[in-house]
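Working notes, beginning with the structure itself.
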Amino acid sequence: MTSNILADALAAGTLVLDGGLSNQLGAAGHDLSDELWSARLLADRPEAIAEAHLAYFEAGADVAITSSYQATFEGFAKRGIKHDRAAELIAGSVELAVDAAVEAGRRGIERPLYVAASVGPYGAMLADGSEYRGRYGLSVAELEAFHRPRLEVLDLVGPDVLAFETIPDTVEAEALLRAVRGLRVPAWLSYSIAGDRTRAGQPLEEAFALAADADEIIAVGVNCCAPEDVDGAVEIAARVTGKPVVVYPNSGETWDAGARAWTGRSTFTAEQVEGWRASGARLIGGCCRVGPEAIASIARTLTAAP
């Protein structure tokens, strides 16, 4: 895969992202209670991950986000998985998504399909809910050192884009912007937000401005947030950076890190995507608790809209 194909596609129109990978894996009966979350299945049940990606492609997604969100060398080491094997598993997350795209083609899907390699925040490795708070007490340099080895592995296997996602604060964003320099594969930068601020409380204008002049970043936006917070964020991201905007909110339910369960009700509707696209969104999908049925609705909405 070459690094400019997705950027060209975004310049030409809007693409549909997939939904929550854990949502689909859980619906298929897989236990995700482990600290590695869906990354555990990279070692235990890789075929299940490929099947989940395929379900989203068949639902209408153009882009699959890999299962590497919590796949880190440190996280695997806690489970006794050595460095070389961890690198194989991280790289394998991209290969599984590519395999799903190939299988989708065999099943008659003719549109271009893309793979985004997920790069979750430092807090995702901690598995204690801190990914929704940020401010880990680490410096930009320390966070860069954490992220760079995984980025190098993903860069070598060649996804279409690196998905810096659910980033809770500007300190980690700065680290990722430094860590991606010199790699072949571009990235998008997506914050997790509350209202008009990052989860750590920084104004979104400030957060998005960090990426405005970064050539490595082909899109900016938000994910893993409430659907009602997306509208304002899209407008700010487009205005501040001039880049295509990526949005994939949660269903509207709330994650209880202590209970490891979702609470509340869904407020996500596919019709909201029309306004997001009008404001500059070019990559639109769903995150936690958004499954293939919702992605199919998004795809139909975007296809039907003028």
Exercise: do Arg300 and Thr303 side chains pair donor with acceptor under 3.5 Å: no
Set of residues satisfying salt bridge (Lys or Arg N to Asp or Glu O under 4.0 Å) with respect to Glu205, sequence neighbours excluded: Arg239
Closest approach of Val140 and Ala175, non-hydrogen atoms and distance? O-CB, 3.5 Å
With rounding to the nearest 0.5 angstrom, report the CG to CH2 distance, Leu10 to Trp188. 9.0 Å
Between OG1 on residue Thr66 and CD on residue Glu95, distance to nearest 0.5 Å: 11.0 Å
Of all the heavy-atom pairs spanning Ala237 and Val220, show the shortest one and how long it is. CB-CG2, 3.8 Å
Side chain to side chain contact (heavy atoms under 4.5 Å, CB included) between Leu21 and His53: does it pass, once the steps are laid out? CA-CA 8 Å; Leu21 185 62; His53 289 316; 4.0 Å; yes
Gln272 CD to Thr301 OG1 distance, which is reported to the nearest 0.5 Å: 10.5 Å
Would you call Asp62 and Arg111 a salt bridge, taking side-chain N to carboxylate O under 4.0 Å as the test? yes
How long is the straight-line distance from CD of Gln202 back to CG of Leu210, given to the nearest 0.5 Å? 9.0 Å
More than 12 heavy atoms of other residues, nucleotides or ligands under 6.0 Å from CG of Asp215: is that the case? no
Only counting residues at least two apart or in another chain, list the ones meeting side chain to side chain donor-acceptor pair (under 3.5 Å) with Asn223. Thr166, Ser190
If you count every heavy atom of other residues, nucleotides or ligands that lies below 6.0 Å from Glu293 atom CD, does the total exceed 12? no
Of all the heavy-atom pairs spanning Ala116 and Val63, show the shortest one and how long it is. CB-CG1, 4.0 Å
Scan side-chain atoms only and decide if Ser192 and Glu131 contain a donor-acceptor pair under the 3.5 Å cut-off. no
Is the shortest heavy-atom distance from the side chain of Tyr69 to the side chain of Pro121 under 4.5 Å? yes
Using a strict threshold of under 4.0 Å (side-chain N to carboxylate O), is an ion pair present between Arg150 and Glu152? no
Could you walk me through whether Arg85 and Phe76 satisfy the side chain to side chain contact (heavy atoms under 4.5 Å, CB included) test, starting with their C-alpha distance in whole Å, then the side-chain angles of each, then the deciding distance to 0.1 Å, before giving a yes or no? CA-CA 9 Å; Arg85 177 56 177 158; Phe76 282 130; over 6 Å; no
For side chain to side chain contact (heavy atoms under 4.5 Å, CB included), just list the numbers for Arg178 and His147, CA-CA rounded to whole Å, side-chain angles, deciding distance to a tenth of an Å, and then say yes or no. CA-CA 10 Å; Arg178 283 170 44 166; His147 283 294; over 6 Å; no
Could you measure the distance from the CG atom of Leu17 to the CD1 atom of Ile298? Nearest 0.5 Å is fine. 8.5 Å
Can you sort out the partners of Arg197 under salt bridge (Lys or Arg N to Asp or Glu O under 4.0 Å), two or more places apart, ordered by chain and number? none
Short side-chain to backbone donor-acceptor contact, Asp18 and Ile65, under 3.5 Å: yes
Between CG on residue Leu41 and CD1 on residue Ile49, distance to nearest 0.5 Å: 5.0 Å
Short side-chain donor-acceptor distance under 3.5 Å, Tyr122 and Glu142: no
Just so I know, are the side chains of Trp276 and Val245 near enough to count as touching, which here means a heavy-atom distance under 4.5 Å? no
I'd like to know if Arg107 pairs up with Glu103 as an ion pair, taking the criterion as any Lys NZ or Arg NE/NH1/NH2 lying under 4.0 Å from an Asp or Glu carboxylate oxygen. yes
With the 4.5 Å side-chain cut-off for hydrophobic clustering, are Leu54 and Val94 part of the same group? no
Could you label the plane-to-plane angle of the Tyr191 and Phe208 rings as parallel, tilted or perpendicular, counting under 30° as parallel and over 60° as perpendicular? perpendicular
